[in-house]
J.: 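Following this message is one structure expressed as structure tokens.
Along the sequence shown, residues carry numbers from 1.
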Amino acid sequence: MFIARIAGKVLKMAKNIPKITLRNGEQMPVVGLGTWRAPDNEVEGALELALKSGYRHIDAAPVYLNEPVIGKVLKRFIDSGEIKREDLFICTKLPPPANRAGCVEKYLRKSLKDLQLDYVDLYLIHTPFSVPECEGEFAKDDKGDIILDRETDHVATWKKMEDMVSMGLTRSIGLSNFNERQIERIFDNSTLKPVNLQIEVHLYLQQKKLIDYCRKNDIVVTAYSPLGSRGIVEMLKSTGIIRDIPDVIENPDVVKLAEKYGKTAPQILLKYSVQRGLVIIPKSTNEERLKQNIDLFDFSLSEDDMEMLAGLDENVRICDFSFFKGIDKHPEFPF
């Protein structure tokens with residue numbers, strides 16, 4: 001009886017998260033859980049809390065190194081009857097070492113095995129560049145730098161992505177970290193068009209031109225690092241890359257809006273992205289913040305406040321892949 005009450009409460013909360021319809025008719029919850037930089041000992045508990053709090057959209061990737069743990073939790077919830085598979089929206093990605101036609105099916109099947117699923121709802125090409133296929137860690141040269149492939153055949157890889165839909169291994173396909181020129185290359189040479197683009201978007205990197213392009217071409221945009229990921233800043237520091245990037249959560253205008261609306265600064269930032277028509281995938285392993293990140297639909301920012309926030313764009317990118325040495329010399333750069 002207790003479990004039934006919990007399941008009913010979770011289902012009710014899940015219904016409160018709006019969905020956006022993709023060009024192929026599939027529906028994607030506008031708020032999901034990001035899982036990057038969430039180690040095994042944290043992601044398991046965070047995912048359990050998220051599912052119980054009403055999250056149904058989970059964003060994963062092989063390079064996050066936690067798909068087996070995510071799969072274990074998903075299977076537990078599905079097998080118990082607390083959540084139906086059809087109520088979940090699971091996204092994962094084709095990793096850089098597999099960004100070539102001959103690897104697509106192999107790596108998707110590996111993700112499905114780890115996630116303990118028969119299909120994913122969305123499969124993305126993670127980056128517009130590739131690295132040599134290597135079991136485990138990325139291949140590195142004698143200096144310890146990650147080796148980059150200098151050419152990547154986006155069209156050939158995309159054709160195999162289309163096959164994954166016809167095989168029933170994924171419901172939808174899309175791109176991540178691609179620029180307008182690269183997206184257009186896919187558009188001009190595809191049968192199934194990308195339904196989604198996942199890119200870095202936050203207060204100081206609003207990507208207005210690229211988002212407008214996607215809107216005109218019926219591509220839904222997912223904003224990763226919608227709170228200006230401090231995790232990426234710390235990761236860059238660990239590789240010797242120092243960035244003096246202000247914390248978007250501490251922006252004084254955002255803090256004032258939080259006081260005005262009786263919300264937290266992160267909620268203001270997330271609501272701003274949602275009102276722009278974006279899908280967001282904030283990451284947290286904290287129970288209270290997990291709940292706050294989906295508690296966005298009982299208020300709206302005024303047009304004046306939306307306009308003010310739009311004016312705070314500084315075109316500051318945090319994740320520019322500079323931790324891949326020599327990325328700026330890649331023929332597809334900048335992304």
Side-chain angles (χ1 to χ4, degrees), residues 16-21 28-34 36 55 57 59 176-180 196-234 236 243-284 286 288-320 334-335:
N16 291 334
I17 302 177
K19 296 179 180 179
I20 190 166
T21 302
M28 183 180 192
V30 300
V31 183
L33 178 69
W36 182 68
Y55 286 79
H57 172 185
D59 183 78
S176 181
N177 298 300
F178 277 56
N179 62 31
E180 184 176 327
N196 180 254
L197 174 69
Q198 188 177 125
I199 50 174
E200 179 186 348
V201 183
H202 48 77
L203 186 66
Y204 296 148
L205 183 69
Q206 299 195 26
Q207 301 257 43
K208 296 169 186 174
K209 184 175 181 293
L210 183 54
I211 290 171
D212 284 344
Y213 169 83
C214 287
R215 188 171 289 117
K216 290 174 183 175
N217 287 280
D218 200 14
I219 301 172
V220 171
V221 174
T222 298
Y224 72 73
S225 300
L227 298 176
S229 177
R230 306 311 295 173
I232 296 178
V233 174
E234 294 304 315
L236 290 173
R243 297 272 180 78
D244 183 20
I245 299 173
D247 191 336
V248 296
I249 294 174
E250 296 177 355
N251 180 283
D253 291 310
V254 173
V255 172
K256 287 178 182 177
L257 288 184
E259 295 172 356
K260 173 182 175 179
Y261 288 95
K263 294 291 182 177
T264 65
Q267 285 175 310
I268 296 298
L269 292 166
L270 296 176
K271 185 66 174 185
Y272 175 58
S273 289
V274 168
Q275 283 189 216
R276 292 183 69 200
L278 307 179
V279 173
I280 54 172
I281 47 171
K283 187 213 99 175
S284 180
N286 176 277
E288 187 59 31
R289 287 195 292 271
L290 280 168
K291 293 177 179 178
Q292 290 175 354
N293 288 349
I294 57 172
D295 184 20
L296 306 173
F297 305 104
D298 60 349
F299 77 106
S300 295
L301 300 174
S302 71
E303 290 186 14
D304 287 344
D305 290 335
M306 289 289 291
E307 186 176 346
M308 182 273 291
L309 290 170
L312 299 178
D313 189 6
E314 297 184 10
N315 196 33
V316 175
R317 186 182 299 275
I318 300 174
C319 184
D320 64 355
F335 313 123

J.: Got L205 and N315 here, is their nearest side-chain heavy-atom distance under 4.5 Å?
T.: yes

J.: Measuring only between side-chain heavy atoms, which start at C-beta, is E200 closer than 4.5 Å to I318?
T.: yes

J.: Enter the distance from L309:CG to S273:OG here, rounded to the nearest 0.5 Å.
T.: 9.5 Å

J.: Any sub-3.5 Å donor-acceptor pair from Y55's side-chain atoms to L290's backbone N or O?
T.: yes

J.: Would you check if I280 and L296 make a side-chain contact, meaning some heavy-atom pair closer than 4.5 Å?
T.: yes

J.: Which atom pair, heavy atoms only, marks the closest approach of Y204 to L312?
T.: CD2-O, 3.5 Å

J.: Can you list everything that forms a side chain to side chain contact (heavy atoms under 4.5 Å, CB included) with N217? Sequence neighbours excluded, please.
T.: F187, Y213, I219

J.: Going by atom type alone, with no hydrogens or angles, which donor-acceptor pairs under 3.5 Å involve a side-chain atom of residues 252-261 and a protein atom two or more places apart or on another chain?
T.:
| unit_1 | atom_1 | unit_2 | atom_2 | d |
| --- | --- | --- | --- | --- |
| K260 | NZ | D305 | OD2 | 2.8 |
| Y261 | OH | S302 | N | 3.0 |
| Y261 | OH | D305 | OD2 | 2.6 |

J.: Which heavy atom of D59 sits nearest a heavy atom of Q198, and at what distance?
T.: OD1-NE2, 3.0 Å

J.: Of all residues at least two apart in sequence or in a different chain, which pass the ring pair (Phe, Tyr, Trp, His ring centres under 6.0 Å) check with Y272?
T.: none

J.: Counting C-beta onward and ignoring hydrogens, is there a side-chain heavy-atom pair between D295 and K263 closer than 4.5 Å?
T.: yes

J.: Once you round to the nearest 0.5 Å, how far does NZ of K271 lie from CG of N293?
T.: 13.5 Å

J.: Would a 4.5 Å heavy-atom cut-off, applied to side chains only, mark K208 and R276 as touching?
T.: yes

J.: Any salt bridge between D212 and K209, counting N to O under 4.0 Å?
T.: no

J.: Between R317 and Q207, is any pair of side-chain heavy atoms under 4.5 Å apart?
T.: yes

J.: Of all heavy-atom pairs between I17 and F297, which one has the smallest distance, and what is that distance?
T.: CA-CE1, 4.3 Å

J.: Are N179 and L210 side-chain neighbours, meaning at least one heavy-atom pair lies under 4.5 Å?
T.: no

J.: Measure across S284 and L33 and return the closest heavy-atom pair with its distance rounded to 0.1 Å.
T.: O-CD1, 4.0 Å

J.: P282 and V31: which non-hydrogen atoms are nearest, and at how many Å?
T.: CD-CG1, 4.5 Å

J.: Considering the options I199, L197, L278, V220, which one meets the side chain to side chain contact (heavy atoms under 4.5 Å, CB included) requirement together with C214?
T.: L197

J.: Between Q267 and Q292, is there a donor-acceptor pair closer than 3.5 Å when you use the side chain of the first and the backbone of the second?
T.: yes

J.: Which value, rounded to the nearest 0.5 Å, describes the distance between K291 atom NZ and N286 atom CG?
T.: 10.0 Å

J.: Which atoms form the tightest heavy-atom contact between N196 and V221, and what is the distance?
T.: ND2-C, 4.2 Å

J.: Apply side-chain contact (heavy atoms from CB on, under 4.5 Å) to residues L269 and H202 and explain how you reach the verdict.
T.: CA-CA 8 Å; L269 292 166; H202 48 77; over 6 Å; no

